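These notes concern the structure reproduced below.
Since this is a predicted model, take the numbers as computed values, not measurements.
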Amino acid sequence: ITFTSGDKKQTVTIRQKQKDALIITSNKVEIGCQGGDFTIEAESNMTLLYEIGSDAKSWITPIETKGLTRSSYSFSVKNNNKVERRQGTITIKGSNGLTEKVTVYQSGEEYSLVLTTDENMIIGSEGGLLKIELKSNSDIKVEAIGLDWLRLSETRAMTAYTVYIEVDPNEFYDERNAVITFTSGDKKQTVTIRQKQ
């Protein structure tokens with residue numbers, strides 16, 4: 001419908017559903033990694049039910065309140081402490097078989113990589129085993145172990161957060177240095193190793 005007054009115009013669009021109709025406020029919900037609550041408003045001339053998808057039941061839960069009406073559904077989303085984004089669906093169902101799906105998207109946390117040991121390590125000329133500890137919310141990649149006097153330890157397994165580096169004896173009269181880079185997603189930490197002559 002177009003309303004005109006002088007040279008000004010305003011348009012209103014009217015959409016009419018069939019007799020047994022089901023209208024929801026939005027088919028998409030975006031939630032940050034910290035979680036939170038949201039509400040789906042539904043308009044219908046029939047009895048409605050909702051169903052949370054089986055892949056999302058562990059992190060989307062309904063909120064039951066005394067003020068809840070049959071056409072307003074509130075949900076709570078748990079914290080997503082993983083890096084990966086996740087999504088789930090909620091299906092609003094009418095008694096006549098009509099359905100509307102709402103997809104809930106939740107972002108993941110940013111990559112995190114924290115070095116909990118000293119970033120500058122000194123080892124004696126006799127060599128030995130270095131223990132480097134990190135905290136991360138995703139897999140850790142180790143780079144720059146290509147030097148002939150440093151290598152990942154095979155006698156001690158690398159855990160998700162602890163890396164063991166074997167250092168050969170330094171039989172030369174010069175001190176030697178190496179930098180090891182640890183990467184988790186877009187985050188990097190470096191450890192400088194200095195071995196005495």
Side-chain angles (χ1 to χ4, degrees), residues 1-3 8-117 132-142 157-163 181-189:
I1 301 172
T2 303
F3 298 92
K8 305 290 183 198
K9 288 185 179 182
Q10 290 289 337
T11 302
V12 174
T13 301
I14 299 171
R15 189 177 76 168
Q16 185 178 29
K17 288 270 197 170
Q18 67 272 21
K19 183 178 177 184
D20 289 334
L22 173 56
I23 302 169
I24 59 173
T25 50
S26 175
N27 288 87
K28 180 179 173 183
V29 175
E30 301 239 11
I31 299 282
C33 65
Q34 71 281 358
D37 300 342
F38 68 94
T39 300
I40 299 171
E41 298 287 338
E43 293 178 28
S44 178
N45 56 1
M46 65 189 116
T47 303
L48 298 177
L49 299 169
Y50 68 86
E51 180 182 335
I52 300 171
S54 60
D55 58 341
K57 286 184 178 180
S58 64
W59 57 278
I60 299 175
T61 54
I63 299 172
E64 302 294 339
T65 63
K66 289 182 181 177
L68 197 66
T69 65
R70 280 196 310 186
S71 59
S72 178
Y73 303 98
S74 295
F75 300 89
S76 180
V77 176
K78 292 181 180 176
N79 178 25
N80 183 7
N81 57 8
K82 296 181 180 173
V83 175
E84 297 80 25
R85 175 181 167 120
R86 63 184 175 183
Q87 73 181 53
T89 58
I90 299 171
T91 304
I92 307 293
K93 298 179 178 183
S95 57
N96 66 347
L98 287 177
T99 62
E100 286 282 348
K101 280 197 177 192
V102 178
T103 304
V104 181
Y105 300 94
Q106 185 178 27
S107 59
E109 285 187 343
E110 289 186 22
Y111 283 102
S112 171
L113 180 61
V114 178
L115 182 66
T116 58
T117 54
I132 301 171
E133 294 182 342
L134 304 111
K135 290 184 180 178
S136 177
N137 59 358
S138 68
D139 293 335
I140 298 171
K141 182 178 164 188
V142 184
M158 183 174 84
T159 67
Y161 305 110
T162 304
V163 178
T181 303
F182 300 93
T183 308
S184 175
D186 60 352
K187 304 293 184 196
K188 288 189 176 186
Q189 290 283 352

Residues at least two apart in sequence or cross-chain that pass side chain to side chain contact (heavy atoms under 4.5 Å, CB included) with L115, listed by chain then number, are T117, E119, I132, L134, Q189, V191
Quick note, ring-ring contact (aromatic ring centres under 6.0 Å, His included) partners involving residues 22-42, not counting sequence neighbours, are F38-F75
Scanning both residues in full, the closest heavy-atom pair of D37 with S76 reads OD1-OG, 3.1 Å
Between the NZ atom in K187 and the CD1 atom in I140, the distance rounded to the nearest 0.5 Å is 14.0 Å
Correct closest heavy-atom pair for A42 and I24 would be CB-CG2, 4.0 Å
Does any part of the side chain of V104, heavy atoms only, come nearer than 4.5 Å to the side chain of W59, both counted from C-beta? yes
* Asked: Checking side-chain contact (heavy atoms from CB on, under 4.5 Å) for the pair S72/T39: CA distance, chi angles, key distance, verdict?
  -> CA-CA 7 Å; S72 178; T39 300; 3.4 Å; yes
By side chain to side chain contact (heavy atoms under 4.5 Å, CB included), E30 pairs with (sequence neighbours left out) K28, R85, Y105
Name every donor-acceptor pair, under 3.5 Å, that has one atom in a side chain of residues 51-58 and the other anywhere in the protein, sequence neighbours excluded.
from: E51; atom 1: OE1; to: K93; atom 2: NZ; distance (Å): 2.6

All heavy atoms of N79 vs all of Q34, minimum pair found to be OD1-CA, 3.6 Å
For T103, the side-chain hydrogen bond (donor to acceptor under 3.5 Å, both in side chains) test, sequence neighbours excluded, returns none
side-chain hydrogen bond (donor to acceptor under 3.5 Å, both in side chains) filter on N27, not counting sequence neighbours, yields E100
Output for pair (I1 CD1, I14 CD1), nearest 0.5 Å, gives 3.5 Å
Residues passing the side-chain hydrogen bond (donor to acceptor under 3.5 Å, both in side chains) test with T91, sequence neighbours excluded, are none
Minimal heavy-atom distance between G94 and L48, with the atoms involved, is CA-CD2, 3.7 Å
Separation between OG1 (T89) and CD1 (I60), nearest 0.5 Å, reads 8.0 Å
Rounding to 0.5 Å, atoms SG (C33) and CD (E84) come to a distance of 12.5 Å
Hits for side-chain hydrogen bond (donor to acceptor under 3.5 Å, both in side chains) against S184, two or more places apart or cross-chain, chain-then-number order -> S136, S138
Residue set satisfying side chain to side chain contact (heavy atoms under 4.5 Å, CB included) with T116, at least two apart, ordered chain then number -> V114, E133, K135
